[in-house]
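Data first, discussion second: the structure below is written as structure tokens.
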Amino acid sequence: MRIWVSGYNGCMEFFLTDPNIERTLPADTRLINLRAEPYSEGRRLKVNLDLTPFQQKPYLDLALTDFSGELIAATSIVEPITCGIELNLHIRKFGEAQGGPYKLTALISYPDLGEVDRRDLYIKFPSPIE
């Protein structure tokens, strides 16, 4: 079923999910899949996440750190509307995100429960193209 929404995004479509899908309680919400692919220029990281279908919208935090633990990219998503998320992380220190390994940490939490799931993924960035 499609619902057309008017307003600031006049032609935006929302796809309503199947009501028969079993949705997890907040304490049981998990990351099913975490994938990341660096762009060849070394300035961005394409991230794909899949979550279990949830009853209550979680909070999602992503952090990319270098081998010494220094933060080089981060974002927070408050109450995502879908279980499948694709985004780009922009690297703060261009030219320093080479080699590796770098660690991408994805964290699911709820304000009243705290952290319910965490996943780490190790990534190697290519040398930037000059």
Side-chain angles (χ1 to χ4, degrees):
M1 173 188 286
R2 293 184 183 184
I3 296 178
W4 290 91
V5 178
S6 63
Y8 107 95
N9 270 339
C11 294
M12 181 179 262
E13 293 182 52
F14 287 93
F15 294 89
L16 300 180
T17 58
D18 183 352
N20 297 322
I21 293 175
E22 188 174 330
R23 299 178 184 283
T24 59
L25 295 170
D28 298 326
T29 302
R30 299 287 179 260
L31 278 161
I32 298 171
N33 200 3
L34 174 63
R35 297 175 307 280
E37 180 182 343
Y39 285 88
S40 60
E41 87 284 315
R43 293 180 189 223
R44 296 173 294 152
L45 180 67
K46 181 178 180 179
V47 179
N48 295 78
L49 300 132
D50 295 311
L51 308 174
T52 54
F54 41 80
Q55 289 181 5
Q56 182 181 341
K57 296 174 186 172
Y59 288 17
L60 180 62
D61 292 298
L62 297 171
L64 182 66
T65 54
D66 65 13
F67 57 90
S68 68
E70 184 177 351
L71 186 67
I72 60 171
T75 192
S76 294
I77 302 169
V78 178
E79 298 185 352
I81 61 170
T82 183
C83 297
I85 300 167
E86 182 176 307
L87 56 90
N88 289 321
L89 281 178
H90 292 260
I91 308 304
R92 293 181 183 169
K93 296 181 179 181
F94 175 67
E96 294 182 25
Q98 303 155 21
Y102 291 82
K103 182 170 75 169
L104 176 66
T105 301
L107 173 73
I108 298 175
S109 64
Y110 287 91
D112 53 343
L113 291 176
E115 180 181 327
V116 295
D117 196 20
R118 174 187 297 253
R119 179 88 46 99
D120 292 329
L121 180 66
Y122 292 90
I123 301 159
K124 182 170 177 153
F125 278 81
S127 297
I129 299 171
E130 297 298 326

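Count residues from 1 along the sequence. The structure displayed is predicted, hence computed values, not measured ones.
- Hydrophobic clustering (side-chain heavy atoms under 4.5 Å, transitive across Ile, Leu, Val, Met, Phe, Trp, Tyr) keeps Ile85 apart from Leu107.
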(message) For Leu62 and Leu49: C-alpha separation, side-chain torsions, deciding distance, then whether side chain to side chain contact (heavy atoms under 4.5 Å, CB included) applies.
(response) CA-CA 10 Å; Leu62 297 171; Leu49 300 132; 4.1 Å; yes
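- From Gln56, atom CD reaches atom OG1 of Thr24 across 10.5 Å, with rounding to the nearest 0.5 Å.
- The two residues Pro80 and Pro58 make their nearest non-hydrogen contact at CD-O, 3.0 Å.
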(request) Run the numbers on Ile108 and Arg119 for side chain to side chain contact (heavy atoms under 4.5 Å, CB included), then give the verdict. (result) CA-CA 9 Å; Ile108 298 175; Arg119 179 88 46 99; over 6 Å; no
(message) Walk me through whether Thr29 and Tyr110 qualify under side chain to side chain contact (heavy atoms under 4.5 Å, CB included).
(response) CA-CA 10 Å; Thr29 302; Tyr110 287 91; 3.0 Å; yes
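- Between the CZ atom of Phe54 and the CD1 atom of Ile81 there is a distance of 9.0 Å, given to the nearest 0.5 Å.
- Of all non-hydrogen atoms in Leu45 and Ala36, the two that sit nearest each other are CD1-CB, 3.9 Å.
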(request) List the steps, then state whether side chain to side chain contact (heavy atoms under 4.5 Å, CB included) holds for Thr75 with Leu89. (result) CA-CA 7 Å; Thr75 192; Leu89 281 178; 3.7 Å; yes
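- Within 6.0 Å of atom CD in Glu22, 12 or fewer heavy atoms from other residues, nucleotides or ligands are found, so the atom counts as exposed in its surroundings.
- Looking only at distances, a side-chain donor or acceptor of Gln55 sits under 3.5 Å from a matching main-chain atom of Arg23.
- When all heavy atoms are compared, the tightest approach of Phe125 to Pro38 is CD2-CB, 3.6 Å.
- Closest non-hydrogen pair, Pro53 versus Cys83, comes out as CA-SG, 3.3 Å.
- Rounded to the nearest 0.5 Å, atoms CG (Asp120) and OG1 (Thr105) are 4.0 Å apart.
- Leu51 and Leu87 fall within the same hydrophobic cluster, defined by Ile, Leu, Val, Met, Phe, Trp and Tyr side-chain heavy atoms under 4.5 Å apart, directly or through other members.
- Cluster annotation: Tyr59 and Leu31 are assigned to distinct hydrophobic clusters (Ile/Leu/Val/Met/Phe/Trp/Tyr, side-chain heavy-atom contacts under 4.5 Å, transitive).
- A 6.0 Å sphere centred on CD of Glu37 holds no more than 12 heavy atoms belonging to other residues, nucleotides or ligands.
- Under the 3.5 Å distance criterion, the side-chain polar atoms of Arg30 are matched with a main-chain donor or acceptor of Ala27.
- Linking Ile, Leu, Val, Met, Phe, Trp and Tyr whenever their side-chain heavy atoms come within less than 4.5 Å leaves Ile91 and Tyr122 in two separate clusters.
- Side chain of Thr65 to main chain of Leu71: no donor-acceptor pair is present (N/O by atom type, distance under 3.5 Å, no hydrogens or angles).
- Minimum interatomic distance between Leu34 and Ala106 (heavy atoms only, all atoms of both residues): CD2-CB, 4.0 Å.
- Atom CG of Leu121 and atom CZ of Arg35 lie 10.5 Å apart (nearest 0.5 Å).
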